[in-house]
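Report on the following structure.
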Amino acid sequence: MALNERSLIARYFRDCGAPRADVAVGIGDDAALLDFPPDMQLVAKTDTLVSGIHFLPDSAPASIGHRALAVNLSDVAAMGAQPAWALLALTLPKVDEAWLEAFASGLGTLARQHGVALVGGDTTSGPLCITVQVLGYVPRPAAMLRSGGSPGHVVFVSGTPGDAAAGLLLEKGTLTAASPEADAYLRQRFLFPTPRLELGQRLRAYASACIDISDGLLGDAGKLADASRCGIAIHYEQLPISPQLASSTGDMRARELALTGGDDYELCFAVPPENVERLTHDLPPSQWDYRPIGLLREAAGAVVTRDGTVMDFSHSGFDHFGS
Ligand code: ADP
Ligand code: MG
């Protein structure tokens, strides 16, 4: 990139993440050298955010930086793993120092919160595009996979899905929130999602399968069920809906967003029935913020049930839903 790539990297990214003793060589050489803990398996994930597709072009740069890292950390959380290192491939249309400053602060704040070091990357010129890679580890063979569930396992979700989708609608100007407080809360859930890393690592001792929700709870829970060679029934009444969402959209639209909206980055996980009491005792749901929403079952596919009967769900929307 024209305006001194090296000083740009030094200025914004060299001290962006957390310092870590296991980074033998970080930013500055041809590649990073990392000391890897013994008896661990490497967990690796990358995600790309393209301007206009994964974020609105005029989004606050701090949010773009936060989300670029958060989406990767969420995948690491779903594996029950601990993140350690990140790499950042940044394609910029121009060098805008205020933008870079805010972007690096959004990414760096989240990285430092979770002890993640930024150990390298690439900087090029072109249409705005951000790729982050996260590396971490998990004790062998304790990683949580999508495929470990069985019929009868209880399915839980963390947080209150649907909030982020409503936040995006507010950002786009196609929804009006019930109050300024609800408006700020819902936007925050979209702009600054919380990767559930601590919960993911704790769940290793209880859960049989786990997935993070990026594309909507119903679809992603269905992926977990598919991978576990079973189906899933989600109980409509049990969906945890935030008061901010319910008051802004009404109950039915809120449940539709909870099932089909994206960008929540919450965890959806299955727990064998014999582990449920231990789980809720050791990790109180009100403190750890998760709720039961359904069951894995023999019949393939993902369905939503209400009062014990399968709802007539169609992907064309919830107009058919609940009628
Ligand atoms: P090379 O020319 O060998 O590919 P670069 O000039 O691209 O190396 O990068 C120099 C150093 O800066 C490397 O250690 C690289 O990992 C790091 N780096 C480059 N861009 C970024 C970035 N956006 N964020 C963090 N580190 C970066
Ligand atoms: Mg380069």
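Atoms within a ligand are numbered from 1 in the order they appear, just like the ligands themselves. Throughout, residue positions are numbered sequentially from 1 according to the sequence presented. Heavy atoms only: backbone and side chains are in, while hydrogens, waters and symmetry mates are out.
Atoms of ligand 1 found under 4.0 Å from any heavy atom of Thr123, numbered from 1 in the order shown, are 19 (C), 20 (N), 21 (C), 22 (C), 23 (N). Remark: ligand 1 atoms within the under-4.0 Å shell around heavy atoms of Glu5 are 5 (P), 6 (O), 7 (O). Ligand 1 places these atoms under 4.0 Å from at least one heavy atom of Asp122: 7 (O), 19 (C), 20 (N), 21 (C), 23 (N). Contact atoms of ligand 1 toward Leu88: 22 (C), 23 (N), 24 (N) (distance under 4.0 Å to a heavy atom of the residue).
Here Arg6 has no heavy atoms under 4.0 Å from ligand 1, in either its backbone or its side chain.
One side chain, Thr91 or Thr124, offers a donor N or O that lies under 3.5 Å from an acceptor on the other. Checked by atom type, the side-chain pair Asp163/Ser242 shows a donor-acceptor distance below 3.5 Å.
Considering backbone and side-chain N/O atoms, Gly28 comes within less than 3.5 Å of an N/O atom of ligand 1. Residue Leu90 has no nitrogen or oxygen atom sitting less than 3.5 Å from a nitrogen or oxygen atom of ligand 1, judged on distance alone.
Contact check on Arg67 versus Asp263 returns a salt bridge, with a Lys/Arg side-chain nitrogen under 4.0 Å from an Asp/Glu carboxylate oxygen.
Nearest residue to atom 10 (C) of ligand 1 from Asp30, Asp29, Ile27 is Asp29 (criterion: closest heavy atom).
Between Phe269 and Tyr206, the distance from one ring center to the other does not fall under 6.0 angstrom.
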Side-chain donor-acceptor contacts of residues 165-174 below 3.5 Å, not counting sequence neighbours, with atom names and distances?
{"from": "Glu171", "atom 1": "OE2", "to": "Arg187", "atom 2": "NH1", "distance (Å)": "3.0"}
{"from": "Thr174", "atom 1": "OG1", "to": "Leu169", "atom 2": "O", "distance (Å)": "3.4"}

Review item, side-chain donor-acceptor pairs of residues 57-64, under 3.5 Å, at least two apart:
{"from": "Ser59", "atom 1": "OG", "to": "Leu56", "atom 2": "N", "distance (Å)": "3.4"}
{"from": "Ser59", "atom 1": "OG", "to": "Leu56", "atom 2": "O", "distance (Å)": "2.9"}
{"from": "Ser63", "atom 1": "OG", "to": "Leu191", "atom 2": "O", "distance (Å)": "2.9"}

